[in-house]
Amino acid sequence: MILVMGGAGYIGSHTTKHLLDSGCEVVVADNLVYGHRQAVDARARFCHADLLDIFSLQTLFATYHIDAVVHFAAFAYVGESMADPAKYYANNVVGTINLLNVMQAFRVEKIVFSSTCATYGEPLHTPIDERHPQLPINPYGRSKLAVEQILEDYRRAYGLKYIALRYFNAAGCSADASMGESHTPETHLIPLVLKAITGERDVVKIFGTDYDTPDGTCIRDYIHVEDLALAHRLALEKLDSFSGCLNLGAGVGTSVREVIVAAENVSGQKCPVEYAPRREGDPAKLFADKRKAEEILGWKPRYTDMEDIIRTAWNWEKSRKF
Ligand code: UFG
């Protein structure tokens with residue numbers, strides 16, 4: 001049985017569905033602080049657990065025979081991490097140490113961990129490969145980097161088998177629109193653009209038009225959430241022969257303006273925009289060198305076109321259940 005820790009969240013719920021579709025048995029654990037109970041596929045078992053409540057973790061591992069863990073449970077708001085770093089280090093770092101120690105006590109030696117391109121900080125070059133220096137510029141990125149280093153220490157000392165997946169910008173939703181992206185508060189570009197199109201929001205603000213990029217707006221690497229889910233399954237299958245860190249991105253950079261145009265094309269409607277100053281801590285350009293993940297996992301993103309990615313998000317936005 002696979003334990004999906006944080007499986008009621010955006011990427012965790014899509015990965016749970018993918019694992020179930022592939023024939024795995026899954027138990028989802030989540031504290032439901034940011035996750036949605038309705039996002040958890042009905043075929044999965046569900047357990048209320050919290051990384052900072054060791055007893056809840058022990059109960060979980062005592063109840064289910066867990067072979068491997070996929071660990072998504074983390075706080076992931078960059079701005080909030082600057083205002084309240086204690087919350088981020090407690091949940092993301094201390095919580096993960098609790099999880100690793102309970103895994104060890106129950107002799108569970110495999111983990112796939114959600115890391116982030118935020119561990120690289122301000123990029124020195126693009127595309128960013130895994131050897132790019134890791135100098136995160138906010139507590140969120142530092143909390144994820146700390147866990148990557150802890151995983152490596154546990155591998156060396158205790159034989160832990162781990163793969164840390166450094167996501168670039170997760171986007172889109174399941175092809176059948178049964179689940180999708182739903183954050184409160186919502187800070188991510190694509191859902192905000194779609195909400196401006198539906199009228200749920202008045203406008204979307206474009207944070208900065210004076211970046212050193214072809215159209216002046218920030219460039220990001222949007223990777224479809226189902227491609228991320230696939231990579232997690234492949235990583236689980238690879239843990240016996242590889243431990244380390246892999247980038248997960250589409251390997252293509254898309255600007256904020258290009259995202260807005262793609263959303264307008266998909267929806268057939270105009271997106272009301274407002275120009276705003278740069279958001280603090282936003283690098284001009286981030287995109288991945290994804291060759292290592294392709295090589296090690298035999299993974300290839302299926303979604304390569306921005307409009308196809310946005311179409312799935314648009315279908316979800318029009319019919320969302322949570
Ligand atoms: N943006 C806008 N207007 C908005 C929201 C975003 O112009 O209302 C821009 C941002 O400036 C950025 C791009 O759209 O250039 C994407 O922003 P998101 O907030 O959607 O995503 P980020 O690139 O900031 O964040 C993502 C992940 C984080 C991770 C970070 C690493 O969501 O978890 O990448 O850089 F930490």
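Note that ligands are numbered from 1 as they come in the structure, with each ligand's atoms numbered from 1 the same way. This structure is a prediction, so every number in the text was calculated from the model and none was measured. Residues take their numbers from the sequence shown, with the count starting at 1.
Of all heavy-atom pairs between Gly281 and Ile137, the closest is O-CD1, 3.6 Å. Shortest non-hydrogen contact noted between Val93 and Ser143 is CG2-O, 3.6 Å. The minimum heavy-atom distance between Cys245 and Glu130, with the atom names listed, is O-CG, 3.5 Å. Nearest approach of Pro123 to Leu286, heavy atoms of both residues: CG-CD2, 3.7 Å. Here the closest heavy-atom approach between residue Ala262 and residue Ile310 is recorded as CB-CD1, 3.8 Å.
At least one side-chain heavy atom of Pro301 sits under 4.5 Å from a side-chain heavy atom of Lys290.
Nearest protein heavy-atom contact of atom 17 (O) of ligand 1 is Arg279 NH2, 3.5 Å. For atom 28 (C) of ligand 1, the closest non-hydrogen atom of the protein is Tyr140 CE2, 4.4 Å. Nearest to atom 34 (O) of ligand 1 among the protein's heavy atoms is Asn169 OD1, 3.9 Å. Here the protein heavy atom with the shortest distance to atom 8 (O) of ligand 1 is Leu192 CD1, 3.3 Å. Annotation: atom 32 (O) of ligand 1 to nearest protein heavy atom, His188 NE2, 2.9 Å. In this structure, the protein non-hydrogen atom closest to atom 35 (O) of ligand 1 is Leu286 CD1, 3.6 Å. Atom 15 (O) of ligand 1 has its closest protein heavy atom at Cys218 CB, 2.9 Å. In terms of protein heavy-atom proximity, atom 9 (C) of ligand 1 is closest to Val256 CG2, 3.8 Å.
Annotation for Arg43: atom CZ counts as buried by contact number, over 12 foreign heavy atoms lying within 6.0 Å.
Annotation for ligand 1: atoms under 4.0 Å from non-hydrogen atoms of Thr187 are 5 (C), 19 (O). Atoms of ligand 1 found under 4.0 Å from any heavy atom of Lys205 (numbered from 1 in listed order, with element): 2 (C), 3 (N), 4 (C), 7 (O), 8 (O). Those atoms of ligand 1 that come under 4.0 Å of a heavy atom in Ala118, given as number and element, are 31 (C), 36 (F). Set against the non-hydrogen atoms of Ile206, the atoms of ligand 1 under 4.0 Å away are 7 (O).
Ligand 1 has a nitrogen or oxygen under 3.5 angstrom from a nitrogen or oxygen of Leu189. Below 3.5 Å of separation, one finds an N or O of Asp282 facing an N or O of ligand 1.
Between Phe72 and His232, the two ring planes are tilted [angle within 30° to 60°]. Between His188 and His183, the ring-plane angle classifies as tilted under the 30° and 60° cut-offs. Between Phe75 and Tyr34, the ring planes are perpendicular. Angles over 60° get that label, and only those under 30° would be called parallel.
Heavy-atom distances between Tyr120 and ligand 1 stay at or above 4.0 Å for every pair.
By the criterion of a heavy-atom distance under 4.0 Å, the side chain of Val78, and not its backbone, is placed next to ligand 1.
In the model, Tyr88 has a side-chain atom that pairs as donor or acceptor with a side-chain atom of Glu80 under 3.5 Å.
The option with the heavy atom closest to atom 16 (C) of ligand 1, from among Tyr275, Tyr222, Phe207, is Tyr222.
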